[in-house]
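So the structure is just underneath, and the comments pick up after that.
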There are 2 protein chains.
Amino acid sequence: MSKVNLKQLAKELNLSVSTVSRALSNSHEISEETKQKVKYLAEKLNYQPNPHAMSLRSQKTKTIAVIIPELSNNFFALAIDGIESIMQTAGYQLLIYLSHEDQQKEVSIVNKLEGRVDGVLICMATETHDISHLRALKEKKIPIVFFDRVSNKLNTVKVITNDIESAYKATEHLIERGAQRIAYISLSLNISVDQKRMQGCLKALEDYKYTGEQKRVLSCTTNDDENYNLIKKLLSSPNRPDAIFTCVERLAITTYTVCRDLGLSIPSDVKVVTFSNMPAAALLSPPLTTVSQPAYEIGKAAAQAILDALNRNMVELNDEKIILPSVLIKRAST
Amino acid sequence: MSKVNLKQLAKELNLSVSTVSRALSNSHEISEETKQKVKYLAEKLNYQPNPHAMSLRSQKTKTIAVIIPELSNNFFALAIDGIESIMQTAGYQLLIYLSHEDQQKEVSIVNKLEGRVDGVLICMATETHDISHLRALKEKKIPIVFFDRVSNKLNTVKVITNDIESAYKATEHLIERGAQRIAYISLSLNISVDQKRMQGCLKALEDYKYTGEQKRVLSCTTNDDENYNLIKKLLSSPNRPDAIFTCVERLAITTYTVCRDLGLSIPSDVKVVTFSNMPAAALLSPPLTTVSQPAYEIGKAAAQAILDALNRNMVELNDEKIILPSVLIKRAST
DNA sequence: TTGAAAGCGCTACCAT
DNA sequence: ATGGTAGCGCTTTCAA
């Protein structure tokens, strides 16, 4: 009942291991008759080649690593769905790693990747810090594709959305709706998308001559309880913002909770907009205005990029940006 | 710059490959001095043993497969978080597979697992069909642990929640709130948890003498648009239900959408309760009453069970049920 | 205390 | 058209 291998097939058929191997890979130097016999038996015994022996021999693993900060965020769930849709068709396995937004964890994950995977798709934990771990991987001929959170310090394919532009538009939307004091709530300014979204938001505020308390930034963390207190403090202050733009959906949910607890009404007291891919956004109380990223498509594009690299045996990828636009969906929260 | 292996270390140190290997595994038959030298160089060159060579030799992969129906459901995202928290500490890799609720896909995934992983955690796509693919895997000495959606046809550890009891309580809650005509909306009665939830719901309705149109079941599918129409039809019928109990969160979201589109008010026209792990449930309009499963804990328990099996080299797991209770969180939708 | 060699399962080179 | 053999990187006998 143990795993059937070439040796067993060969023995059963009175052939050599090499003949069986070639028959299964359809080599033209094997007679049709032998091929038939071999394939029939292989099918019958449900022969599956040992992936580790293959990897050891070919130095290809038919596996890629996907490194993301967390899973309980619809963006990442959808992105992985997209990645999987491409990769499973191409016969690749997906090794999933969570960095939990921790740079150290990310480094130790990346350092163990060589020999284990053919390529890496990564959404970075933090990006302002050094990227020597990724550079080392690239020097070892493992192609890397960034998605969503990217680093400009490494030349490779980057699949992103138009964060600056979308954030600008979302902010303009808040302004149109009459917001006087707009606050941008960031998750971590070590994250490229966070920076860009803030940049787009502040640019709009500057263009419309918002200054001082009309134009604020609050830095949150990865701890939900802490964030709750920070946002509560912000919304309890004497000249509190009347509009909030949060970087990620988790912060918007916290903002909703704070508003509920403080008795602030959305949108009359506070307008809220966020980047999010939550399917239930339209059903919140009130329905939440979102900038919706094409998460599934981003995953697909990133997967396709790494696949192209692997198929063409290209180690050095073009320093190319693939930009898939986000959509502003206006709802009752603004 | 290519991968450093034992041979290179040996050459550099003028030692044999076997000595280097033993030094790194801290064998007592190697002098302290040699160990020091070897370890120093290994560290310096960032030596990482080739995982495929290890697997080939030891027949252990230090990898487990996680097979789930989908990712865009908070339950699975949280469960994987839990699994990862245990497995990454134990030094295991996670290979993630999505069955997309398709029995055929699940079979073909499972058939390629032998030799690739040491163990399998699975939440089945459908369970009434045959499970010969899993039985075959078990016969090949690969331990399997079920979580959430399990099959009683296979003797092994099953980590589940108390679906029947929770569904009974949730239904009782609807009855207490005055619901007259209660409908259970199922995703697929090929799924064990769906059956159990329905069973709990119907048992409560029977105990409270609900009959005929007071006690209905609607079978949905995996297609959201189809479900929308089915639910719309149900809620447009002359003697429509005044309470809905959905099996999974996606169906509750669809129900909310239908109610909004039909102008039905929740909870006065229709009460809604669902199994769900959505963080935003409390912020929906109105806040959604949920039966919340301990998804993270279920993931952890399943991971711990497979880990115990692997550590103790047990192929045959006890036919044990680990039951982690769900919690009914009453909110405004009822 | 160290080294040589076999073998995990596979493919490719060189024979025949 | 088929078989023998080497070698991918590693651990583990067996010898020295």
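Numbers restart at 1 for each chain; the letters A, B, ... are given by sequence-line order, proteins then strands.
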- Of His28(B) and Ser58(B), the one whose nearest nucleotide on DNA chain C sits closer to the 5' end is His28(B)

- Ignoring backbone atoms, establish whether Asn5(A) has a side-chain N or O less than 4.0 Å from OP1 or OP2 of dG9(C). yes

Exercise answer: donor-acceptor pairs, residues 115-125 of chain A side-chain atoms, under 3.5 Å, sequence neighbours excluded:
from, atom 1, to, atom 2, distance (Å)
Arg116(A), NE, Lys112(A), O, 3.4
Asp118(A), OD1, Thr61(A), N, 2.7
Asp118(A), OD1, Thr61(A), OG1, 2.9
Asp118(A), OD2, Thr61(A), N, 3.1
Asp118(A), OD2, Lys62(A), N, 2.8

- Note on the structure: Sorted by number, residues from residues 31-49 of chain A placing a heavy atom under 4.0 Å from DNA chain D are Ser31(A), Thr34(A)

Tell me which donor-acceptor pairs under 3.5 Å the side chains of residues 307-318 of chain B have, and how far apart each pair is, sequence neighbours excluded?
from, atom 1, to, atom 2, distance (Å)
Asp308(B), OD1, Gln304(B), NE2, 3.3
Asn311(B), ND2, Leu307(B), O, 3.4
Glu316(B), OE2, Lys138(B), NZ, 3.1

- Task: Rounded to the nearest angstrom, tell me the gap between atom CE in Met54(A) and atom C1' in dC8(C).
- Result: 15 Å

- Query: With a 4.0 Å cut-off, would you call Asp319(A) and Lys158(A) a salt bridge?
  - Reply: yes

- Round to the nearest Å and state the distance from Asn14(B) atom CG to dT1(C) atom C1'. 16 Å

- Message: Of all nucleotides in DNA chain D that come within under 4.0 Å of a heavy atom of chain A, which is furthest toward the 5' end and which toward the 3' end?
- Response: dA1(D) to dG9(D)

- Between Ala53(A) and Val20(B), which is nearer to the 5' end of DNA chain C once each is assigned its nearest nucleotide? Val20(B)

- Message: For the helix from dT1(C)-dA16(D) to dT16(C)-dA1(D), what angle separates the axis at the start from the axis at the finish, each from five pairs, in steps of 10°?
- Response: 60°

Would you tabulate the nitrogen or oxygen pairs shorter than 3.5 Å linking the protein to nucleotides 12-16 of chain C?
from, atom 1, to, atom 2, distance (Å)
dC13(C), N4, Arg22(A), NH1, 3.2

